[in-house]
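The figures here come from the full heavy-atom set of this structure, side chains too, leaving out hydrogens, waters and symmetry mates.
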Amino acid sequence: MWSRRAQPPRDPSFDRAALGHLAALHDTALRLCGDAAEAQDLTHDTYVRALNAADRFEPGTSLKTWLLTILHNLFRTRLRDRGRHPELELDEERVELPVSLDNEDTWHAVTSAQLDSAVESLPQKLREVVVLRDLQGLSYKEIAQVLDLPVGTVMSRLYRGRETLRSILVPLARGEGTAAPKRDVK
(Lines give C-alpha, C1' and ligand atoms only; values in the text may rest on other atoms or scores of the structure.)
Protein backbone atom coordinates (compact mmCIF):
# COMPACT_ATOMS: atom_id res chain seq x y z
CA MET A 1 0.00 0.00 0.00
CA TRP A 2 1.26 3.44 -0.89
CA SER A 3 1.41 6.13 1.74
CA ARG A 4 -0.06 9.56 1.07
CA ARG A 5 3.39 10.94 0.30
CA ALA A 6 4.64 8.08 -1.83
CA GLN A 7 2.34 7.87 -4.83
CA PRO A 8 2.52 4.88 -7.15
CA PRO A 9 4.31 5.72 -10.38
CA ARG A 10 1.91 7.14 -12.95
CA ASP A 11 1.67 5.65 -16.40
CA PRO A 12 3.17 8.24 -18.79
CA SER A 13 0.58 7.26 -21.40
CA PHE A 14 -2.10 8.64 -19.05
CA ASP A 15 -0.32 12.01 -18.95
CA ARG A 16 -0.07 12.10 -22.75
CA ALA A 17 -3.71 11.08 -23.20
CA ALA A 18 -4.87 13.72 -20.71
CA LEU A 19 -2.74 16.36 -22.45
CA GLY A 20 -4.53 15.48 -25.67
CA HIS A 21 -7.75 16.81 -24.16
CA LEU A 22 -6.40 20.16 -22.93
CA ALA A 23 -7.80 22.12 -25.89
CA ALA A 24 -11.29 20.69 -25.32
CA LEU A 25 -11.02 21.41 -21.60
CA HIS A 26 -9.93 24.99 -22.20
CA ASP A 27 -12.65 25.59 -24.79
CA THR A 28 -15.27 24.25 -22.38
CA ALA A 29 -13.89 26.30 -19.48
CA LEU A 30 -13.87 29.44 -21.60
CA ARG A 31 -17.47 28.95 -22.67
CA LEU A 32 -18.59 28.20 -19.12
CA CYS A 33 -16.91 31.12 -17.39
CA GLY A 34 -16.54 33.65 -20.22
CA ASP A 35 -13.13 34.90 -19.06
CA ALA A 36 -9.85 33.82 -20.68
CA ALA A 37 -7.71 34.07 -17.55
CA GLU A 38 -10.25 32.23 -15.42
CA ALA A 39 -10.62 29.56 -18.11
CA GLN A 40 -6.86 29.04 -18.18
CA ASP A 41 -6.76 28.68 -14.38
CA LEU A 42 -9.70 26.28 -14.45
CA THR A 43 -8.08 24.19 -17.19
CA HIS A 44 -4.77 24.07 -15.30
CA ASP A 45 -6.44 23.13 -12.02
CA THR A 46 -8.45 20.43 -13.80
CA TYR A 47 -5.32 18.90 -15.32
CA VAL A 48 -3.41 18.99 -12.02
CA ARG A 49 -6.34 17.42 -10.17
CA ALA A 50 -6.64 14.73 -12.84
CA LEU A 51 -2.94 13.88 -12.60
CA ASN A 52 -3.18 13.66 -8.82
CA ALA A 53 -6.21 11.38 -9.10
CA ALA A 54 -5.00 9.31 -12.07
CA ASP A 55 -5.18 6.14 -9.99
CA ARG A 56 -8.96 6.65 -9.71
CA PHE A 57 -9.54 6.77 -13.46
CA GLU A 58 -11.18 3.56 -14.65
CA PRO A 59 -9.47 2.25 -17.79
CA GLY A 60 -11.96 1.49 -20.52
CA THR A 61 -14.10 4.52 -19.73
CA SER A 62 -13.96 7.89 -21.49
CA LEU A 63 -11.00 9.96 -20.31
CA LYS A 64 -12.50 13.07 -21.89
CA THR A 65 -15.74 12.60 -19.94
CA TRP A 66 -13.79 12.02 -16.72
CA LEU A 67 -11.74 15.18 -17.29
CA LEU A 68 -14.84 17.24 -18.12
CA THR A 69 -16.46 15.97 -14.93
CA ILE A 70 -13.50 17.24 -12.92
CA LEU A 71 -13.62 20.58 -14.76
CA HIS A 72 -17.35 20.95 -14.18
CA ASN A 73 -17.05 20.13 -10.48
CA LEU A 74 -14.23 22.66 -10.05
CA PHE A 75 -16.28 25.28 -11.91
CA ARG A 76 -19.33 24.71 -9.72
CA THR A 77 -17.19 24.85 -6.59
CA ARG A 78 -15.76 28.20 -7.70
CA LEU A 79 -19.24 29.57 -8.36
CA ARG A 80 -20.43 28.36 -4.97
CA ASP A 81 -17.38 29.86 -3.25
CA ARG A 82 -18.16 33.21 -4.88
CA GLY A 83 -21.73 33.08 -3.66
CA ARG A 84 -23.27 32.24 -7.02
CA HIS A 85 -25.58 29.28 -7.25
CA PRO A 86 -25.77 27.82 -10.76
CA GLU A 87 -28.66 25.60 -9.75
CA LEU A 88 -30.79 28.70 -9.15
CA GLU A 89 -29.96 30.63 -12.32
CA LEU A 90 -32.47 28.86 -14.54
CA ASP A 91 -35.30 29.34 -12.09
CA GLU A 92 -34.59 33.06 -11.78
CA GLU A 93 -34.51 33.69 -15.50
CA ARG A 94 -37.43 32.94 -17.79
CA VAL A 95 -36.40 31.45 -21.08
CA GLU A 96 -38.49 32.57 -24.00
CA LEU A 97 -39.16 29.83 -26.44
CA PRO A 98 -38.15 30.16 -29.96
CA VAL A 99 -38.73 31.48 -33.30
CA SER A 100 -38.71 28.54 -35.67
CA LEU A 101 -36.17 28.36 -38.44
CA ASP A 102 -37.72 28.67 -41.84
CA ASN A 103 -34.41 28.18 -43.64
CA GLU A 104 -31.44 26.21 -42.34
CA ASP A 105 -29.11 28.37 -44.48
CA THR A 106 -29.61 31.24 -42.04
CA TRP A 107 -27.08 29.55 -39.72
CA HIS A 108 -24.36 30.30 -42.26
CA ALA A 109 -25.02 34.03 -41.88
CA VAL A 110 -24.20 34.05 -38.15
CA THR A 111 -20.63 34.91 -37.19
CA SER A 112 -18.54 33.02 -34.68
CA ALA A 113 -18.55 36.08 -32.40
CA GLN A 114 -22.35 36.22 -32.52
CA LEU A 115 -22.55 32.53 -31.68
CA ASP A 116 -20.10 32.93 -28.79
CA SER A 117 -22.07 35.87 -27.44
CA ALA A 118 -25.35 33.98 -27.72
CA VAL A 119 -23.91 30.92 -25.93
CA GLU A 120 -22.51 33.16 -23.19
CA SER A 121 -25.94 34.73 -22.67
CA LEU A 122 -27.59 31.39 -21.90
CA PRO A 123 -28.43 30.62 -18.27
CA GLN A 124 -25.70 28.44 -16.73
CA LYS A 125 -27.77 25.24 -16.66
CA LEU A 126 -28.54 25.48 -20.36
CA ARG A 127 -25.10 26.71 -21.39
CA GLU A 128 -23.21 23.82 -19.82
CA VAL A 129 -25.36 21.21 -21.59
CA VAL A 130 -25.15 22.98 -24.97
CA VAL A 131 -21.37 23.32 -24.65
CA LEU A 132 -20.87 19.68 -23.69
CA ARG A 133 -23.14 18.33 -26.45
CA ASP A 134 -22.80 20.68 -29.38
CA LEU A 135 -19.25 21.89 -28.89
CA GLN A 136 -17.57 18.93 -27.20
CA GLY A 137 -19.63 16.17 -28.80
CA LEU A 138 -20.46 14.25 -25.65
CA SER A 139 -23.39 11.85 -25.72
CA TYR A 140 -26.47 12.42 -23.57
CA LYS A 141 -25.27 9.66 -21.25
CA GLU A 142 -21.81 11.23 -20.91
CA ILE A 143 -23.31 14.66 -20.21
CA ALA A 144 -25.56 13.11 -17.59
CA GLN A 145 -22.47 11.61 -15.98
CA VAL A 146 -20.48 14.86 -16.09
CA LEU A 147 -23.33 16.94 -14.66
CA ASP A 148 -24.73 14.23 -12.39
CA LEU A 149 -28.20 14.55 -13.91
CA PRO A 150 -30.78 12.16 -15.34
CA VAL A 151 -30.55 11.76 -19.13
CA GLY A 152 -34.07 13.17 -19.50
CA THR A 153 -33.01 16.39 -17.77
CA VAL A 154 -30.01 16.65 -20.10
CA MET A 155 -32.28 16.24 -23.12
CA SER A 156 -34.73 18.84 -21.83
CA ARG A 157 -32.03 21.40 -21.08
CA LEU A 158 -30.38 20.80 -24.43
CA TYR A 159 -33.67 21.38 -26.21
CA ARG A 160 -34.34 24.57 -24.26
CA GLY A 161 -30.78 25.79 -24.76
CA ARG A 162 -30.90 25.19 -28.51
CA GLU A 163 -34.29 26.85 -28.80
CA THR A 164 -33.06 29.86 -26.85
CA LEU A 165 -30.03 30.09 -29.13
CA ARG A 166 -32.31 29.87 -32.13
CA SER A 167 -34.45 32.72 -30.81
CA ILE A 168 -31.32 34.87 -30.48
CA LEU A 169 -29.51 33.85 -33.66
CA VAL A 170 -32.29 33.70 -36.26
CA PRO A 171 -33.04 37.45 -36.04
CA LEU A 172 -29.29 38.12 -36.24
CA ALA A 173 -28.95 35.99 -39.35
CA ARG A 174 -31.85 37.88 -40.89
CA GLY A 175 -30.24 41.21 -39.99
CA GLU A 176 -33.00 42.02 -37.51
CA GLY A 177 -30.99 42.37 -34.31
CA THR A 178 -27.68 42.64 -32.54
CA ALA A 179 -25.60 40.13 -30.63
CA ALA A 180 -26.99 38.82 -27.37
CA PRO A 181 -26.11 40.93 -24.34
CA LYS A 182 -23.16 39.77 -22.25
CA ARG A 183 -24.26 37.98 -19.14
CA ASP A 184 -23.19 39.28 -15.78
CA VAL A 185 -20.08 37.34 -14.75
CA LYS A 186 -19.39 37.59 -11.04
Side-chain angles (χ1 to χ4, degrees), residues 18 20-36 38-40 42-43 46-47 61-76 78-79 86-87 89-91 93-174 176-185:
H21 294 290
L22 276 183
L25 290 172
H26 184 266
D27 184 53
T28 302
L30 186 58
R31 292 184 185 276
L32 287 175
C33 63
D35 178 77
E38 188 176 346
Q40 190 168 357
L42 186 58
T43 302
T46 298
Y47 187 70
T61 62
S62 171
L63 178 58
K64 182 178 180 180
T65 301
W66 187 71
L67 291 169
L68 287 168
T69 301
I70 294 170
L71 182 132
H72 181 266
N73 288 339
L74 283 171
F75 178 68
R76 280 199 164 180
R78 288 177 181 195
L79 287 179
E87 65 276 1
E89 284 189 29
L90 186 61
D91 297 333
E93 187 170 334
R94 277 279 185 230
V95 176
E96 290 192 29
L97 287 179
V99 183
S100 62
L101 266 180
D102 55 349
N103 181 351
E104 289 296 324
D105 291 336
T106 56
W107 291 112
H108 299 293
V110 176
T111 68
S112 178
Q114 289 171 321
L115 177 61
D116 287 345
S117 180
V119 169
E120 257 188 61
S121 73
L122 289 174
Q124 182 65 38
K125 284 183 157 187
L126 302 181
R127 184 173 60 251
E128 60 194 10
V129 174
V130 168
V131 167
L132 292 173
R133 176 69 185 143
D134 293 337
L135 302 174
Q136 294 303 327
L138 270 61
S139 69
Y140 295 138
K141 184 178 177 183
E142 290 170 324
I143 296 168
Q145 179 185 343
V146 168
L147 301 178
D148 194 26
L149 295 170
V151 172
T153 302
V154 168
M155 294 170 71
S156 172
R157 288 182 185 177
L158 181 61
Y159 173 80
R160 289 165 49 202
R162 286 175 173 169
E163 292 300 305
T164 302
L165 284 175
R166 181 175 284 127
S167 70
I168 295 167
L169 295 173
V170 169
L172 287 175
R174 293 179 183 153
E176 300 170 2
T178 61
K182 286 264 192 198
R183 63 184 169 83
D184 181 29
V185 179

Heavy-atom closest contact ([X] atom, [Y] atom, distance):
X      : Y      : answer
Val119 : Leu165 : N-CD2, 3.7 Å
Leu25  : Leu71  : O-CD1, 3.5 Å
Thr164 : Leu126 : OG1-CD1, 4.2 Å
Leu122 : Gly161 : CD2-O, 3.9 Å
Ile168 : Pro171 : O-CD, 3.5 Å
Phe75  : Leu32  : CZ-O, 3.5 Å

inquiry  = If you apply the rule side-chain contact (heavy atoms from CB on, under 4.5 Å), what do you find for Leu158 with Ile143, and how did you get there?
reply    = CA-CA 10 Å; Leu158 181 61; Ile143 296 168; 5.7 Å; no

ask   = Where do Val129 and Met155 land on the side-chain contact (heavy atoms from CB on, under 4.5 Å) test, with the steps shown first?
value = CA-CA 9 Å; Val129 174; Met155 294 170 71; over 6 Å; no

ask   = Is a side-chain N or O of Arg127 found less than 3.5 angstrom from the main chain of Arg31, in a donor-acceptor match?
value = yes

request  = Check side-chain hydrogen bond (donor to acceptor under 3.5 Å, both in side chains) between His72 and all other residues, then give those that pass, not counting sequence neighbours.
outcome  = Arg76, Glu128

task = Return the set of residues passing side-chain hydrogen bond (donor to acceptor under 3.5 Å, both in side chains) with Thr28 (not counting sequence neighbours), or none when no residue passes.
result = Gln136

Within-4.5 Å side-chain heavy-atom neighbours: Leu30 and Gln40 = no

4.5 Å side-chain heavy-atom contact, Leu22 and Tyr47 = yes

task = Only pairs at least two apart or in different chains count here, so list each salt bridge (Lys or Arg N to Asp or Glu O under 4.0 Å) that has a residue in residues 134-152.
result = Asp134-Arg162

From [X] [atom1] over to [Y] [atom2], what is the distance, rounded to the nearest 0.5 angstrom?
X      : Y      : atom1 : atom2 : result
Arg78  : Cys33  : CZ    : SG    : 8.0 Å
Arg157 : Leu149 : CZ    : CG    : 5.0 Å
Lys64  : His21  : NZ    : NE2   : 7.5 Å
Thr43  : Leu74  : OG1   : CG    : 10.0 Å

key: Salt bridge Glu163-Arg166, side-chain N to carboxylate O under 4.0 Å   = yes

key: Partners meeting side chain to side chain contact (heavy atoms under 4.5 Å, CB included) with Asn73 (sequence neighbours left out)   = Thr69

